[in-house]
Student: 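So that we are looking at the same thing, I have put the structure below in structure tokens.
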Amino acid sequence: MSKKIYNFSAGPSVLPQQATQEAADAIRNFANTGVGILEISHRTKAVEGMVAETSSMLKKLMGISDNYDIVYLGGGASLQFCMVPMNLLDEKASADYITTGVWANKAFKEAKQFGTVNEIASSKADNYTHIPKDFKQTPGATYLHVTSNNTIYGTEWFQFPKANTFLVGDMSSDILSRKINVDDFGLIYAGAQKNMSCAGVTTVIIRKDVLGHVNRTIPTMLNYTTHIEGESMFNTPPVFAIFVMNRVLNWLLQNGGVDEMEKVNIQKSSTLYDFLDSSKLFIGTAAKEDRSRMNIPFVFRKDAVDPAKSEDLQKEFLAFAKENGLEQLKGHRSVGGFRASLYNAMPIEGVKELVKVMGEYEKKLLK
Ligand SMILES: Cc1ncc(COP(=O)(O)O)c(C=O)c1O
């Protein structure tokens, strides 16, 4: 038998095996049509039905009411950095942004092209190690944009600010990992390649009343209304990525939904955080109260490793982890060190194995 591999990549990342097997089977024969999912027209009953089913499963899992439309778009979460203000923010209006990491900052910068944008709080001065707590919203601002989980820095909003109007949330790296109140949000977007599907599709959940308030011509393909009216079929949608999402959502429903995921995600992240808090070699980089359950960056403790040797030892640890079947643990260059991403599809056994291997390495190095 081949060795068990655990993939800690931040995205694209591990998916439920059941879902990837179903996707593999559908490449040959989709929904008993005799035609593969990669080869079938999106204008068939089978694909239209699959897309509609995907939305109804997502509504059930997240508690999305009929006040919202759901669309599946290309262009990644990054395209939403401009589509959101283009569709929601009038040239004469303003919007508030809280910058808690690289992605939040990119969203903020992009929005500047469309209206007045206020960075009402930022944790940049502390290398984004925490979520800002003190800020005032701008009276009359159209929306408040937050990034619910900061994939690179490993911080997460556990209590969203109460927006004067409505929140816009980039939930690319924690959607479906915990319960959220969708009604607090006018718009939610998420690149799928972490907790929902493979790369190629971005899910956008749009409250109906937030559209239609801007006085600008929006290019057809960048207009949410185009895709809402076309039921994500105005142009050819990313059919395969939507199908993978369909199977991931099915797996979620069969396994207790978001409530159960949240419980397990707390268990998984606590297993690693408890280890980090007692380790003499490794230490987490994010402020304790804001520590993400999805992405956990950690480094060598400065008092344990000579800085001159740190780079070589990092490589050594990554090689040791790899030998033990633990993949993709290298940290993002902005934080350095290591990062373990524990999305829904990462089993608790994977985290236990990680902690075991980290402990073994620590013993070996500090003996
Ligand atoms: C929170 C967050 N927002 C946006 C993005 C950008 O996503 P994409 O590559 O789909 O444009 C990422 C990618 O990692 C992310 O983690």
Side-chain angles (χ1 to χ4, degrees), residues 2 5 7 9-62 64 68-80 83 171-173 175-176 188-206 219-255 327-328 341 343-346:
S2 61
I5 301 283
N7 169 15
S9 168
S13 36
V14 60
L15 290 169
Q17 217 179 351
Q18 174 182 318
T20 53
Q21 185 57 54
E22 287 169 333
D25 294 343
I27 287 177
R28 292 210 169 262
N29 179 5
F30 169 59
N32 291 323
T33 55
V35 181
I37 183 83
L38 302 177
E39 302 160 283
I40 195 166
S41 164
H42 55 299
R43 310 240 178 248
T44 51
K45 284 255 172 320
V47 173
E48 284 172 0
M50 180 277 288
V51 174
E53 182 189 51
T54 305
S55 295
S56 86
M57 289 195 282
L58 188 61
K59 280 181 158 188
K60 193 164 168 188
L61 283 161
M62 289 183 69
I64 303 170
Y68 291 79
D69 290 302
I70 301 172
V71 291
Y72 305 103
L73 306 178
S78 299
L79 184 63
Q80 297 311 307
M83 275 183 82
M171 297 196 180
S172 297
S173 52
I175 193 163
L176 296 164
I188 292 169
Y189 60 94
Q193 65 274 21
K194 299 167 198 301
N195 230 1
M196 296 187 110
S197 179
C198 57
V201 64
T202 301
T203 304
V204 191
I205 303 164
I206 312 156
T220 309
M221 277 297 288
L222 299 178
N223 194 328
Y224 289 128
T225 305
T226 304
H227 301 287
I228 292 168
E229 288 176 352
E231 297 181 358
S232 299
M233 301 270 178
F234 173 79
N235 70 316
T236 317
V239 173
F240 183 66
I242 300 173
F243 178 66
V244 175
M245 191 188 304
N246 178 294
R247 294 297 81 202
V248 171
L249 299 183
N250 175 62
W251 173 82
L252 276 166
L253 284 167
Q254 287 176 350
N255 288 278
E327 290 283 344
Q328 311 265 317
S341 295
Y343 298 118
N344 287 345
M346 170 59 64

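Quick note: residue numbers are just sequence positions, from 1.
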Student: Restricting to non-hydrogen atoms, name the atom on Lys59 and the atom on Ile70 that form the minimum distance, rounded to 0.1 Å.
Tutor: CG-CD1, 3.8 Å

Student: Measure across Gly76 and Thr202 and return the closest heavy-atom pair with its distance rounded to 0.1 Å.
Tutor: C-OG1, 3.0 Å

Student: Look only at the side chain of Asn29 and the backbone of Gly34, and say whether a donor-acceptor pair between them is shorter than 3.5 Å.
Tutor: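 Present.
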
Student: For Met221, check side chain to side chain contact (heavy atoms under 4.5 Å, CB included) against everything at least two apart and list the hits.
Tutor: His227, Phe234, Asn235

Student: Please report the interatomic distance CZ(Arg247) to CG(Leu15), rounded to the nearest 0.5 Å.
Tutor: 13.5 Å

Student: Report yes if the side chains of Phe30 and Val47 come closer than 4.5 Å at any heavy-atom pair, otherwise no.
Tutor: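 Result yes, sub-4.5 Å side-chain heavy-atom pair found.
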
Student: Stepwise, does the side-chain contact (heavy atoms from CB on, under 4.5 Å) test hold for Met83 with Val204?
Tutor: CA-CA 10 Å; Met83 275 183 82; Val204 191; over 6 Å; no

Student: Of all heavy-atom pairs between Thr54 and Leu249, which one has the smallest distance, and what is that distance?
Tutor: O-CD1, 3.5 Å

Student: Go through Met57 and Leu252 one step at a time and tell me if the side-chain contact (heavy atoms from CB on, under 4.5 Å) criterion holds.
Tutor: CA-CA 9 Å; Met57 289 195 282; Leu252 276 166; over 6 Å; no

Student: Checking Asn195 side chain against Asn344 main chain: does a donor-acceptor pair fall under 3.5 Å?
Tutor: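 Present.
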
Student: Donor-acceptor check, side chain of Tyr343 to backbone of Ala10, threshold 3.5 angstrom: yes or no?
Tutor: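 Present.
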
Student: Can you give me the closest heavy-atom contact between Phe243 and Ala23, atom names plus distance?
Tutor: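 That closest heavy-atom pairing would be CE2-CA, 3.8 Å.
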
Student: Would you compute the distance between atom CD1 of Ile188 and atom CD1 of Ile175 and round it to the nearest 0.5 angstrom?
Tutor: 6.5 Å

Student: Can you tell me how far the CE atom of Met50 sits from the CD atom of Glu53, to the nearest 0.5 Å?
Tutor: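 Here the rounded value is 9.0 Å.
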
Student: OG/Ser41 to CD/Glu48 distance, rounded to the nearest 0.5 angstrom?
Tutor: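 The CD atom of Glu48 is 8.5 Å from OG of Ser41, to the nearest 0.5 Å.
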
Student: Nearest 0.5 angstrom please: Asn250 CG to Glu22 CD, how far?
Tutor: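 Spacing of CG (Asn250) from CD (Glu22) equals 6.0 Å.
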
Student: So which atom in Pro237 and which in Ser232 form the shortest heavy-atom distance, rounded to 0.1 Å?
Tutor: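 What the structure gives for the nearest pair is CB-O, 3.3 Å.
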
Student: Output, in order, the C-alpha distance, side-chain angles, deciding distance and verdict of side-chain contact (heavy atoms from CB on, under 4.5 Å) for Thr33 and Thr44.
Tutor: CA-CA 10 Å; Thr33 55; Thr44 51; over 6 Å; no

Student: Can you name the closest pair of heavy atoms from Ser9 and Ser341 and give their distance?
Tutor: O-CB, 3.3 Å

Student: Can you tell me how far CD1 of Ile27 sits from CG of Leu38, rounded to the nearest 0.5 angstrom?
Tutor: 4.5 Å

Student: Does Ser197 use its side chain to pair, donor to acceptor, with the backbone of Ile242 at less than 3.5 Å?
Tutor: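 No, the answer is negative, given that no donor and acceptor are paired below the 3.5 Å cut-off.
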
Student: Would you sort out whether Tyr72 and Thr203 count as a side-chain contact (heavy atoms from CB on, under 4.5 Å), showing the intermediate values?
Tutor: CA-CA 5 Å; Tyr72 305 103; Thr203 304; 4.0 Å; yes

Student: Within a reach of under 6.0 Å around CD of Glu231, are more than 12 heavy atoms found that belong to other residues, nucleotides or ligands?
Tutor: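 Count not over threshold, so no.
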
Student: Would a 4.5 Å heavy-atom cut-off, applied to side chains only, mark Phe240 and Val201 as touching?
Tutor: no

Student: Examine distances only and state if a side-chain atom of Arg43 and a backbone atom of Met233 form a donor-acceptor pair shorter than 3.5 Å.
Tutor: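 Side chain of Arg43 to backbone of Met233, a donor-acceptor pair under 3.5 Å: yes, one is there.
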
Student: What I'd like to find out is whether the side chain of Met196 reaches to under 4.5 Å of the side chain of Val248, using heavy atoms alone.
Tutor: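 Met196 vs Val248: side chains apart.
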
